[in-house]
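Notes follow once the structure below has been shown.
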Amino acid sequence: MRIDSKTTVVGVIGYPVAHSLSPQMHNAAIQSLGINWCYLPFQVAPEDLAKAIQGMRGLGIRGLNVTVPHKQAVVRLLDWVSPEASAVRAVNTISNEGGRLEGYNTDVEGILAALRLGVGLEKLPEKVVVLGAGGAARGIVYALTTVTDVRNIVILNRTVQKAERLAAEMENMAKGKTRIKGRKLETETARVELREAGLLINATPVGMYPNVNCSPIEVSSVFHPRLTLVDTIYNPKETKLMRLARSQGAKCFNGLDMLVYQGAKSLEIWTQRRAPVKVMKEAVMELAPQPSALGQF
Ligand SMILES: NC(=O)c1ccc[n+]([C@@H]2O[C@H](COP(=O)([O-])OP(=O)(O)OC[C@H]3O[C@@H](n4cnc5c(N)ncnc54)[C@H](OP(=O)(O)O)[C@@H]3O)[C@@H](O)[C@H]2O)c1
């Protein structure tokens, strides 16, 4: 990679940021596009967020991805946010348009692309269960409200009040198209809600490396062969939740496609060129550990 005075800088801000696979994924894409760009990770503590965003203007950084814990706090620091980001109230991509900072939420596009590839948007079931009520769940529930056939969403969360609040907010936004309720994440509630559900999406970090022996649902008997599971975790490639669901005949996908497609959409916003999705996917797959390595990394 050549770095000179004409190199365009893009990157990711987070705290911490060391775990992010985005630098490898985006630099592989940049190389494949043959452009004089460079993607860097920036560790930014919450108290430094405003200075970092101001620095983006000052340094002429072309674009930034925004990850935990800044996705919501960054919204008020921008000049414009897209309708999707505004609905989700979180930004994961900033585009610097000559000093005007625009915010987007490409996680919405990422989950829709993952569902399109894995299941087919036209084949999505009427009822979907989402685990978690944090930033990722917000984007996922919003994305699901835009899918015609999805009429019933149940959000299961450890803190039930957060699930109820998110459900009320998103149901209001769906204007009667989708019924959404929030309940506590417990085995028996999951069993009842999953009985009629065709899709389960895990938007909690439970089971993510290094806690690979944990699962947000610990009992395999709640799953069934009519169910598709999308676990947004991509490290490890197969989570314990996926193993439990697969043992009952459910079809399972991890979060790799979501990661790749949200990144591809960000790159397209910055470069106005089609992102090399295959290259990006290969770069990420090279880094994410194999299922056989579970517990060893
Ligand atoms: N594939 C992708 O591209 C992609 C993109 C974004 C996120 N993700 C995944 O989504 C995960 C969540 O991200 P986020 O931004 O939504 O985080 P977040 O805002 O911190 O929310 C975390 C959610 O998980 C729940 N949770 C955390 N620890 C738990 C535990 N031990 N038991 C039960 N529930 C627990 C929290 O419940 P409480 O409300 O009770 O605290 C909350 O609902 C990430 O860790 C990542 O794996 C993947």
Side-chain angles (χ1 to χ4, degrees), residues 66 71-76 78 80-93 102-186 189-204 216-217 226-232 253 255 257-258 261-262 265 269:
V66 182
K71 286 185 187 185
Q72 286 179 292
V74 83
V75 172
R76 65 184 169 79
L78 306 177
W80 176 86
V81 292
S82 72
E84 277 165 4
S86 163
V88 178
R89 288 211 226 127
V91 158
N92 79 329
T93 303
E102 299 185 345
Y104 298 86
N105 189 310
T106 70
D107 284 337
V108 172
E109 174 70 23
I111 188 68
L112 288 175
L115 292 172
R116 199 177 294 127
L117 281 177
V119 191
L121 287 184
E122 69 297 343
K123 290 193 193 137
L124 284 187
E126 199 175 311
K127 180 172 179 182
V128 181
V129 175
V130 176
L131 307 181
R138 289 186 71 82
I140 288 165
V141 174
Y142 172 78
L144 290 169
T145 64
T146 69
V147 178
T148 316
D149 292 339
V150 176
R151 299 270 167 191
N152 181 359
I153 302 171
V154 178
I155 303 165
L156 301 181
N157 195 47
R158 179 176 61 179
T159 311
V160 68
Q161 295 86 345
K162 270 177 73 182
E164 289 169 348
R165 264 203 310 273
L166 179 59
E169 187 188 328
M170 292 290 169
E171 189 172 76
N172 196 28
M173 203 148 24
K175 295 192 173 68
K177 187 252 177 206
T178 319
R179 205 151 40 88
I180 310 177
K181 74 179 170 194
R183 299 191 68 186
K184 182 146 179 72
L185 173 54
E186 283 165 341
T189 318
R191 189 189 304 283
V192 170
E193 296 297 349
L194 285 173
R195 214 170 275 150
E196 301 300 323
L199 177 65
L200 169 65
I201 303 179
N202 176 34
T204 79
I217 299 174
R226 291 169 285 109
L227 190 70
T228 298
L229 163 67
V230 178
D231 197 330
T232 63
F253 301 94
D257 280 332
M258 182 179 171
Y261 281 92
Q262 62 78 28
K265 182 72 187 169
I269 289 169

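For reference, positions follow the sequence shown, starting with 1. From a predicted model like this one, the values you see are computed outputs, not experimental measurements.
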(request) Sort out for me which residue in V130, V141, V128 forms a side-chain contact (heavy atoms from CB on, under 4.5 Å) with I180. (result) V141

(request) Please report the shortest heavy-atom distance between A133 and L166, naming the atom on each side. (result) CA-CD2, 3.9 Å

(request) Please round to the nearest 0.5 Å and tell me the distance separating atom CG of L112 and atom CG of L117. (result) 11.0 Å

(request) Among residues two or more places apart or on two chains, list those pairs meeting ring-ring contact (aromatic ring centres under 6.0 Å, His included) that have a residue in residues 131-178. (result) none

(message) Do N202 and I217 have side chains that approach each other closer than 4.5 Å (heavy atoms only, starting at C-beta)?
(response) no

(request) Determine yes or no for a side-chain-to-main-chain donor-acceptor pair under 3.5 angstrom, with N92 supplying the side chain and T106 the backbone. (result) yes

(message) For K177, is the NZ atom crowded, meaning more than 12 foreign heavy atoms sit under 6.0 Å from it?
(response) yes

(message) side-chain contact (heavy atoms from CB on, under 4.5 Å), that's the test. Do V154 and T189 meet it? Break it down for me.
(response) CA-CA 10 Å; V154 178; T189 318; over 6 Å; no

(message) Rounded at 0.5 Å granularity, tell me how far CZ in R158 sits from CG in L185.
(response) 9.0 Å

(message) Ignoring hydrogens, what is the shortest heavy-atom contact between D107 and M258? Give both atom names and the distance.
(response) O-CE, 4.0 Å

(request) For E196 and K127, work out which heavy atoms get closest and say how close. (result) O-CB, 3.8 Å

(message) Taking atom CZ as the centre, does R151 end up with more than 12 heavy-atom neighbours from other residues, nucleotides or ligands that are less than 6.0 angstrom away?
(response) yes

(request) Please report the shortest heavy-atom distance between V66 and V91, naming the atom on each side. (result) CB-O, 3.6 Å

(message) Just verifying a value: how many Å separate R226 CZ and L194 CG, rounded to the nearest 0.5 Å?
(response) 10.0 Å

(message) Surrounding CZ of R179 (heavy atoms of other residues, nucleotides or ligands, distance under 6.0 Å), is the total greater than 12?
(response) no

(message) For G182 versus A167, what's the shortest heavy-atom pair and its separation?
(response) N-CB, 3.6 Å

(message) Can you tell me how far apart CG (N105) and NZ (K71) are? Round to the nearest 0.5 Å.
(response) 7.0 Å

(message) Within the 4.5 Å heavy-atom criterion, are E102 and L78 side-chain neighbours or not?
(response) no

(message) Using 0.5 Å steps for rounding, measure from the CD atom of Q72 to the CZ atom of R138.
(response) 6.0 Å

(request) State whether K181 and E171 are salt-bridged, where the test is any N-O pair (Lys NZ or Arg NE/NH1/NH2 against Asp/Glu carboxylate O) under 4.0 Å. (result) no

(request) Any chance you could measure L227, atom CG, to L199, atom CG, to the nearest 0.5 Å? (result) 7.0 Å

(request) Give the intermediate values and the outcome of side-chain contact (heavy atoms from CB on, under 4.5 Å) for residues L115 and L144. (result) CA-CA 10 Å; L115 292 172; L144 290 169; 4.1 Å; yes

(request) Just do the side-chain contact (heavy atoms from CB on, under 4.5 Å) check on T145 and M173 with the steps written out, would you? (result) CA-CA 9 Å; T145 64; M173 203 148 24; over 6 Å; no

(request) List the atom of D257, the atom of A114, and the distance in Å for their closest heavy-atom pair. (result) CB-CB, 3.9 Å

(message) Are I140 and T232 packed together at the side-chain level, in the sense that at least one heavy-atom pair is separated by less than 4.5 angstrom?
(response) yes

(message) Set out, in order, the CA-CA distance, both residues' side-chain angles and the distance that settles side-chain contact (heavy atoms from CB on, under 4.5 Å) for T146 and E84, then state yes or no.
(response) CA-CA 11 Å; T146 69; E84 277 165 4; over 6 Å; no

